[in-house]
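Every chain is numbered from 1, with letters handed out A, B, ... down the list of sequences.
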2 protein chains.
Amino acid sequence: MPFTAAEENYIKTIFQLQLNEGMVSTNSVATALETSAASVTDMLKKLKLKKLLVYEKYKGFKLNNEGKKTALGIIRKHRLWETFLVNILHFKWDEVHEVAEQLEHIQSNQLIDHLDDFLGNPQFDPHGDPIPDSAGKMPILSQINLTKFPLHVVGEICSVGSQSSDMLSLLSHKHIEIGSKISVEQYFAFDESIEVKINNKLLVNISAKLAQHLYVKKMNYAS
Amino acid sequence: MPFTAAEENYIKTIFQLQLNEGMVSTNSVATALETSAASVTDMLKKLKLKKLLVYEKYKGFKLNNEGKKTALGIIRKHRLWETFLVNILHFKWDEVHEVAEQLEHIQSNQLIDHLDDFLGNPQFDPHGDPIPDSAGKMPILSQINLTKFPLHVVGEICSVGSQSSDMLSLLSHKHIEIGSKISVEQYFAFDESIEVKINNKLLVNISAKLAQHLYVKKMNYAS
DNA sequence: AAATATTTTTAGACAAATCTAAAAATTTAA
DNA sequence: TTAAATTTTTAGATTTGTCTAAAAATATTT
């Protein structure tokens with residue numbers, strides 16, 4: 001079954017929301033897609049008809065297995081295209097999102113499989129997020145949200161939970177990128193901001209909101 | 001101004017039709033796009049409003065300079081993507097058309113310029129057709145339709161005036177590809193078919209219809 | 001537990017792109 | 001040069017995805 005670009009955007013968004021929350025609400029999807037709640041309800045009916053999600057009026061909803069499989073296929077395409085744009089076409093990592101949002105809707109299994117091979121079957125995209133394989137399997141990464149990372153332990157930024165260019169330019173300003181070494185030096189209860197050390201040198205303050213989007217991998221003591 | 005995929009398909013089709021005929025008719029566009037004449041009329045009104053074509057009711061129409069510039073931009077994207085698919089992702093030249101039809105509608109100047117550079121600013125696509133540069137200029141090729149090619153002169157297949165997979169598989173069956181050497185050996189008035197010699201060896205019969213789609217470049221006597 | 005606030009759904013409308021059927025204009029042919 | 005055939009346009013529907021405004025259901029608060 002082929003899906004429209006609009007359907008795919010809903011599927012992808014619902015998938016990402018239900019990773020955190022289990023059940024998803026109409027309003028949360030509307031906010032994420034910057035559309036009205038009424039539009040979301042309309043689309044939910046369609047996706048229910050296509051048997052991609054479990055949904056009952058007023059009760060919330062979530063993707064079923066078929067829906068999750070579809071979402072992983074879209075995420076696979078998105079992350080492979082981002083990898084292509086950064087690694088091959090030399091885009092900067094904060095410039096790729098908008099274009100990848102378009103490319104992810106191109107319909108051709110042959111295309112995406114050839115692209116995957118050409119890129120060397122990468123496991124992670126330039127933001128550090130795992131790329132599902134053609135069966136929908138993703139490598140598991142023991143990554144922890146920065147807000148939950150222990151004090152004074154050196155870790156490595158391995159994923160960024162958003163691709164908004166506002167956020168990416170903020171990170172750029174703070175000299176934070178995928179692979180940067182980071183340690184939490186202090187926690188300020190007043191505004192929940194934290195002070196971190198980047199690459200064992202630079203001390204930087206990070207807001208609670210920003211920290212919620214940064215994922216860190218504990219570094220191998222060997223390295 | 002960004003255009004919808006539907007608008008772009010009309011613009012591209014009208015451009016190709018007016019190359020041969022100057023003025024274009026509603027029916028010819030409807031046939032080319034496999035849609036109804038009524039739909040074409042609807043779209044013409046829209047494209048006129050956007051000042052892309054010269055059109056008066058019942059009088060035929062053609063793209064103005066703005067329309068032609070837009071068409072060349074779409075053709076540029078299509079041919080660059082075809083080059084990418086064949087040269088980089090190792091698609092066969094008769095498999096790329098459908099995917100390129102989708103990719104040509106991706107909106108990003110940065111993307112297409114980076115792609116152009118990555119491919120080495122190619123002048124011709126895998127079908128032998130010239131690729132417009134970012135200003136809309138195309139290299140000129142002294143190519144002649146096979147039906148007008150003189151007898152017993154060796155030429156080289158340099159372009160194929162259609163990408164229908166029906167036609168491309170027929171060519172493949174006859175062992176004809178871009179770069180094949182070809183000479184016209186005999187002309188049969190009865191059905192306007194011609195007998196050609198491929199690569200100085202194989203004698204093959206070609207229908208009038210097929211011949212109309214093959215373009216040949218006179219070979220340099222030196223090579 | 002009743003009143004209030006929030007969330008969700010319905011109802012009705014709109015724009016884009018398409019269709020069929022019928023009317024209007026043009027072209028061809030007798 | 002009328003009549004017939006063809007082409008083109010209009011009129012009215014349909015589908016997809018969206019919207020606003022109002023109604024219905026659920027959740028919260030006093």
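Between T35(A) and the phosphate of dC19(D), there is a side-chain N or O to OP1/OP2 separation shorter than 4.0 Å. For Y55(A) and dT9(C), the shortest distance from a side-chain N or O to OP1 or OP2 is below 4.0 Å. Within the structure, a side-chain polar atom (N or O) of K57(A) is placed less than 4.0 Å from OP1 or OP2 of dT10(C). Residue S39(B) places none of its side-chain N or O atoms closer than 4.0 Å to OP1 or OP2 of dT18(C). Considering only side-chain N and O atoms, S36(A) lies nowhere under 4.0 angstrom from the phosphate OP1 or OP2 of dT20(D). Note on S25(B): every side-chain N or O is 4.0 Å or more away from OP1 and OP2 of dT7(D). Distances shorter than 4.0 Å separate none of the side-chain N or O atoms of N27(A) from OP1 or OP2 on dT6(C). At least one side-chain nitrogen or oxygen of K59(B) sits closer than 4.0 Å to the OP1 or OP2 atom of dT26(C). For the pair Y10(A) and dT18(D), the criterion of a side-chain N or O lying under 4.0 Å from OP1 or OP2 is met.
No salt bridge links K209(B) with D191(B); every basic N to acidic carboxylate O contact stays at or beyond 4.0 Å.
Residue L47(A) contributes atom CG, which lies 12 Å from atom P of dT16(D) at whole-angstrom precision. Spacing between atom CZ of F3(A) and atom C1' of dT16(D) amounts to 16 Å, rounded to whole angstrom units. Atoms CD (E56(B)) and P (dA25(C)) sit 15 Å apart, rounded to a whole Å. Look at CD on E34(B): it is 15 Å from C1' on dT18(C), rounded to the nearest Å. Rounded to an integer number of Å, the gap from K45(B) NZ to dT18(C) P is 14 Å. Distance, Y58(A) OH to dA27(D) P: 12 Å, rounded to whole Å. Rounded to an integer number of Å, the gap from D42(B) CG to dT8(D) P is 14 Å. A straight line from CG of L44(B) to P of dA16(C) spans 16 Å, rounded to a whole angstrom.
A donor atom on one side chain and an acceptor atom on the other are found under 3.5 Å apart for T147(A) and N145(A). Side-chain contact of N27(B) with S25(B): a donor-acceptor pair under 3.5 Å is absent, judged by distance alone.
Residues A37(B) and M43(B) each lie close to DNA chain C; by heavy-atom proximity, the contact nearer the 5' end of the strand is made by M43(B). Taking the nucleotide of DNA chain D with the nearest heavy atom to each of T26(B) and A5(A), the more 5' of the two is matched to T26(B).
Proximity of F15(B) to T70(B): side-chain heavy atoms (C-beta onward) are nowhere separated by under 4.5 Å. Within the 4.5 Å cutoff, side-chain heavy atoms of Q16(A) are placed close to those of I75(A).
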